[in-house]
Amino acid sequence: MGNREDLLSGARRCLLDKGYARTTVRDIATAAGVSMAAIGYHFGSKEALLNEALAEATREWGDELERALAETPDSSRNPLQHFTRQWQAIIDSISAHPDVWSATFESVAHPETRAHLATDQQEARAGLARLLADTDPSDDSAARTTGAFYQALLTGLAVQYLIDPASAPTAEDLTEGLRRITTKRRATRTRSLPHVDYAEMRQEVDEFFGTEDRIGDDDPWERNS
């Protein structure tokens, strides 16, 4: 490898071992086996190097997750079961790489990194929508809505796992929460439908049109009242 590749590899090791804020120029140079001046020559600054190393680690995590999801048994005929299996694969991946997520959240405190992450955010949302909902990658609306929903769920889950893995929600917890929300929403919409008083409606129609024009004995008002 050349100096640039050595620096990326060294920065990545320092980033995942020591974190974003605690990694120094000397740490990276020592891990890479190159001079400190090489960082400025190849990347311009320590922050730019760390951002690229973090982006590389995140892409590799995403590729690994995509492979894991592809190996998940197909249960698309049962949406809730499919949701559970997908999020179990995601939780397994988060638990296998907590250092990537810890470095990501720590880096958000730095303005340069926030700008870098913001640039990649739309692509990340589109990727999640494609992976988890099989949406068209060119569908900007799906990335803005479906992708953003999954991104919010993913990052929230990762934060809870980093805080306390033992109390973080399981895939079954997430599925049950989704079921409760959607079931309650459907029930609320059903209860909110206006009540139709068919007897009163029949009286008003009879007063306007009269009763002599009714056809047959099968009265629809009686069926519905």
Side-chain angles (χ1 to χ4, degrees), residues 1 5 8-9 11-17 19-20 50-108 116-183:
M1 292 192 298
E5 290 74 21
L8 275 172
S9 178
R12 179 170 171 171
R13 289 198 301 275
C14 292
L15 186 65
L16 300 183
D17 289 344
Y20 194 99
L50 287 176
N51 289 341
E52 190 161 338
L54 180 58
E56 184 180 86
T58 302
R59 282 194 297 270
E60 287 189 13
W61 177 84
D63 291 341
E64 180 181 307
L65 176 62
E66 184 167 4
R67 289 191 295 271
L69 289 171
E71 294 170 0
T72 301
D74 183 20
S75 53
S76 54
R77 292 186 177 182
N78 185 330
L80 287 179
Q81 185 182 66
H82 188 62
F83 184 89
T84 303
R85 289 176 174 175
Q86 284 182 323
W87 284 92
Q88 185 58 59
I90 292 170
I91 289 171
D92 290 343
S93 185
I94 292 173
S95 65
H97 301 285
D99 46 4
V100 173
W101 282 98
S102 180
T104 298
F105 290 129
E106 185 184 357
S107 71
V108 173
H116 187 77
L117 292 173
T119 301
D120 296 335
Q121 189 160 245
Q122 185 71 4
E123 181 182 350
R125 289 173 176 172
L128 286 171
R130 176 181 60 82
L131 283 176
L132 299 174
D134 196 26
T135 62
D136 184 344
S138 64
D139 186 349
D140 292 338
S141 177
R144 189 174 61 254
T145 56
T146 307
F149 167 78
Y150 281 124
Q151 186 183 50
L153 192 56
L154 173 63
T155 53
L157 178 64
V159 166
Q160 292 183 68
Y161 184 86
L162 290 177
I163 292 172
D164 181 15
S167 65
T170 65
E172 289 76 13
D173 291 335
L174 294 177
T175 305
E176 177 61 13
L178 179 64
R179 186 194 67 77
R180 286 174 179 265
I181 292 169
T182 54
T183 300

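The model shown is predicted, which means the values in this text are computed figures rather than measured ones.
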>> Can you tell whether the side chains of Arg179 and Glu176 come within less than 4.0 Å, N to carboxylate O?
In response: yes

> In chain order, what residues pass the side chain to side chain contact (heavy atoms under 4.5 Å, CB included) check against Ala11, with sequence neighbours excluded?
Replying inline: Ile28, Leu49, Leu50, Ala53

> Within the side chain of Gln86, is there an N or O that forms a donor-acceptor pair under 3.5 Å with the backbone of Leu132?
Replying inline: yes

>> The test is side chain to side chain donor-acceptor pair (under 3.5 Å); show your working for Thr135 and Thr146 and say whether it passes.
In response: CA-CA 9 Å; Thr135 62; Thr146 307; over 6 Å; no

> Taking the side chain from Glu106 and the backbone from Tyr20, do they hold a donor-acceptor pair closer than 3.5 Å?
Replying inline: yes

>> Quick check on Asn78: does its CG atom have over 12 non-hydrogen neighbours (other residues, nucleotides or ligands) under 6.0 Å away?
In response: yes

> Below 4.5 Å, heavy atoms only, C-beta onward: do Ile90 and Ser93 meet side chain to side chain?
Replying inline: no

> Under 4.0 Å between a Lys/Arg side-chain N and an Asp/Glu carboxylate O for Glu71 and Arg67?
Replying inline: no

> Is any side-chain heavy atom of Trp61 closer than 4.5 Å to a side-chain heavy atom of Thr104?
Replying inline: no

> Is the side chain of Ser95 donor-acceptor paired with the backbone N or O of Asp92 at a distance under 3.5 Å, no angle test?
Replying inline: yes

> Between atom CZ of Arg125 and atom CG of Leu154, what is the distance when rounded to the nearest 0.5 Å?
Replying inline: 12.0 Å

>> Could you measure the distance from the NE2 atom of His82 to the OG1 atom of Thr72? Nearest 0.5 Å is fine.
In response: 8.0 Å

> Would you call Arg12 and Glu60 a salt bridge, using N to O less than 4.0 angstrom?
Replying inline: yes

> Would you say the side-chain atoms of Ser102 pair up with the backbone N or O of Pro98, donor to acceptor, closer than 3.5 Å?
Replying inline: no

> Could you walk me through whether Thr155 and Trp101 pass the side chain to side chain contact (heavy atoms under 4.5 Å, CB included) check?
Replying inline: CA-CA 9 Å; Thr155 53; Trp101 282 98; 4.2 Å; yes

